[in-house]
Asks: 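Take a look at this one; I'll ask things after.
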2 protein chains.
Amino acid sequence: MQTTAAATEERTEEALTRTDICSAPPRRHPRPDGQDQYTISEVVAFTGLSAHTLRWYERIGLMSHIDRSHTGQRRYTNRDLDWLDLVGKLRLTGMPVADMVRYAELVREGDGTYGERCALLEETRRDVQARIAELQDTLAVLDRKISFYTDAGRVREAETTR
Amino acid sequence: MQTTAAATEERTEEALTRTDICSAPPRRHPRPDGQDQYTISEVVAFTGLSAHTLRWYERIGLMSHIDRSHTGQRRYTNRDLDWLDLVGKLRLTGMPVADMVRYAELVREGDGTYGERCALLEETRRDVQARIAELQDTLAVLDRKISFYTDAGRVREAETTR
DNA sequence: TATGACCTTGGAGTGCACTCCAGGCAAGCG
DNA sequence: CGCTTGCCTGGAGTGCACTCCAAGGTCATA
């Protein structure tokens, strides 16, 4: 039952992001009453995103519709926070928001999109690796320049104290 | 003579970028006539930047004034190409153009700004390292997700072929 | 010498990712 | 009750880094 197709059906992307197959970090902000709801300002505090941005993410479909309180205020769940974590990670790879929205749509469309999701992630992975390589290249250039300036400073100092 | 202050005076930032202390790559696009001048479209071909962008870089002071032909057309030198290399590197660290302009100004101001330049580079270096760490983090997340999707695909396949 | 590709300028326009605003509702408190 | 604080909405505004345009001058080749 654990490894049947039914179980796989259960393990959607959201499930993956929630607890996760290989020991996701056990962070989260439990309520004393065991509730799993956060106001927008709490989410602002957790994520560093602005409330504006959070609402905007929802509007453009980067987040599926957030639960509302009886008065219509947003109530974010842990699942939402996990999704925001992922979005944050993808964001700093430089992935355009439109692509993230595309991924979010695939998730909403259900299990039939596994292949496409996987392809998207693999492409992103390649991008990230390329970017890391570029940055390491840049690091080498910076080190070269820094050591030049450091040496120049030493020479100058030697000149003035001698 | 090689290590005196006079020699240091000679080795400005531009000199550093031109050939460089520790074996810069020996790329460049020599002319048959030994000239060291390139039209804007050649520079476009070398750098991948658009002509618009190259002119804009000059306007905002990210490049010091480019030599002109007798009719006023831009003639880029190898020095300019080297500077563009550096700019390209800094650009993909995410450094804002304004900061690069600041650095360019320091270079133009002369040797008195070594300290400030060095500080700027060191800060950038820290940023780059932090960014690399973030990206590696992201890579781990992507790998986790990709292997999830891959496994799910295998399970599904096993289900359908059995 | 004419054709077309290439170059010049200042200024306006574009796309992205937010960011803010006006106007209003709802809850908690003295 | 009034006041503050927090949240809601649609739509407009912002800042960055380009990107393009109009109108014209230059250059290489046939």
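A note on names: the letters A, B, ... follow the listed sequences, proteins ahead of strands, and every chain is numbered from 1.
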Asks: Side chains of B:Thr124 and B:Asp127: do they bring a donor and an acceptor to under 3.5 Å?
Replies: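 Absent: no donor and acceptor within the cut-off.
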Asks: How many Å lie between CG on A:Leu90 and C1' on C:dC16, as a whole number?
Replies: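 That distance rounds to 17 Å.
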Asks: What's the closest nucleotide to the side chain of A:Ile40 if the choices are D:dC7, C:dT8, D:dC18?
Replies: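 Closest of the options to the side chain of A:Ile40: D:dC7.
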Asks: Pick the nucleotide of DNA chain C nearest each of A:His70 and A:Gly94; which residue has the one closer to the 5' end?
Replies: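 Upstream on the strand: A:Gly94.
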Asks: Can you identify which nucleotide, out of C:dC7, C:dC21, D:dC21, has its nearest atom closest to the A:His52 side chain?
Replies: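 Shortest atom-to-atom distance from the side chain points to C:dC21.
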Asks: Could you state the CG-P distance from A:Leu54 to C:dC20, rounded to the nearest angstrom?
Replies: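 Rounding to the nearest Å, CG of A:Leu54 and P of C:dC20 are 14 Å apart.
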Asks: With respect to the side chain of B:Gln73, which nucleotide from C:dC18, C:dT9, C:dC7 is positioned closest?
Replies: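 Between C:dC18, C:dT9, C:dC7, the one nearest the side chain of B:Gln73 would be C:dC7.
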Asks: I want to verify a distance call: between C:dC7, D:dC8, D:dG6, whose nearest atom is closest to the B:Thr39 side chain?
Replies: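 So the side chain of B:Thr39 is nearest to C:dC7.
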Asks: Are OP1 or OP2 of D:dT9 and a side-chain N or O of A:Arg68 less than 4.0 angstrom apart?
Replies: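 So the side-chain polar atoms of A:Arg68 do come within 4.0 Å of the phosphate oxygens OP1 or OP2 of D:dT9, strictly under.
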Asks: Is there a donor in the side chain of B:Arg75 and an acceptor in the side chain of B:Tyr38, or the other way round, less than 3.5 Å apart?
Replies: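 The answer is no; no qualifying pair exists.
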Asks: CZ of A:Arg55 versus C1' of D:dG10: gap in Å, rounded?
Replies: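 Result: 12 Å.
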Asks: How would you label the contact of B:Arg91 with the nucleic acid (heavy atoms, under 4.0 Å): base, sugar-phosphate, or nothing?
Replies: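 It contacts sugar-phosphate atoms only.
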Asks: May I have the distance from B:Ile60 (atom CD1) to D:dC18 (atom P), rounded to whole angstrom?
Replies: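 Taking CD1 of B:Ile60 and P of D:dC18, I get 8 Å after rounding.
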Asks: Let's see if you can work this out: which of D:dG11, D:dC18, C:dC18 has an atom nearest to the side-chain heavy atoms of A:Arg59?
Replies: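 The answer is D:dG11, which lies nearest to the side chain.
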Asks: Under 4.0 Å: is that the gap between some side-chain N or O of B:Arg74 and OP1 or OP2 of C:dC7?
Replies: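 So the side chain of B:Arg74 is outside the cut-off, no N or O lying under 4.0 Å from OP1 or OP2 of C:dC7.
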Asks: Between A:Ser41 and B:Ala98, which residue's closest nucleotide on DNA chain D lies nearer the 5′ terminus?
Replies: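 So the residue in question is A:Ser41.
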Asks: Assess whether atom CD of A:Gln136 is packed by more than 12 heavy atoms of other residues, nucleotides or ligands within 6.0 Å.
Replies: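 Enclosed.
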Asks: What is the distance from CE of B:Met95 to P of D:dC18, rounded to the nearest Å?
Replies: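 Computing the B:Met95:CE to D:dC18:P distance gives 14 Å.
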Asks: Does the side chain of A:Arg68 come within less than 4.5 Å of A:Gln73's, by heavy atoms?
Replies: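 Contact flag for A:Gln73/A:Arg68 side chains = no.
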Asks: Could you state the interatomic distance from CD (B:Glu134) to CG (B:Asp137), rounded to the nearest 0.5 Å?
Replies: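 Answer rounded to 0.5 Å: 8.0 Å.
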Asks: Give the nucleotide from the list C:dT9, D:dT26, C:dA17 with an atom nearest to the side chain of B:Thr71.
Replies: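 Ranking C:dT9, D:dT26, C:dA17 by closest atom to the B:Thr71 side chain puts D:dT26 first.
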Asks: To the nearest Å, how far apart are A:Trp56 CH2 and D:dG13 C1'?
Replies: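 Going from CH2 in A:Trp56 over to C1' in D:dG13 covers 14 Å.
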Asks: Any idea which of D:dC18, D:dC8, C:dC7 is nearest the B:Val97 side chain?
Replies: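 Nearest to the side chain of B:Val97 among the choices is D:dC18.
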Asks: Would you kindly give the NE2-to-C1' distance between B:His65 and C:dT9, to the nearest whole Å?
Replies: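 Rounding to the nearest Å, NE2 of B:His65 and C1' of C:dT9 are 13 Å apart.
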Asks: Is A:Tyr57 near enough to C:dA17 that one of its side-chain N or O atoms lies under 4.0 angstrom from OP1 or OP2?
Replies: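 No.
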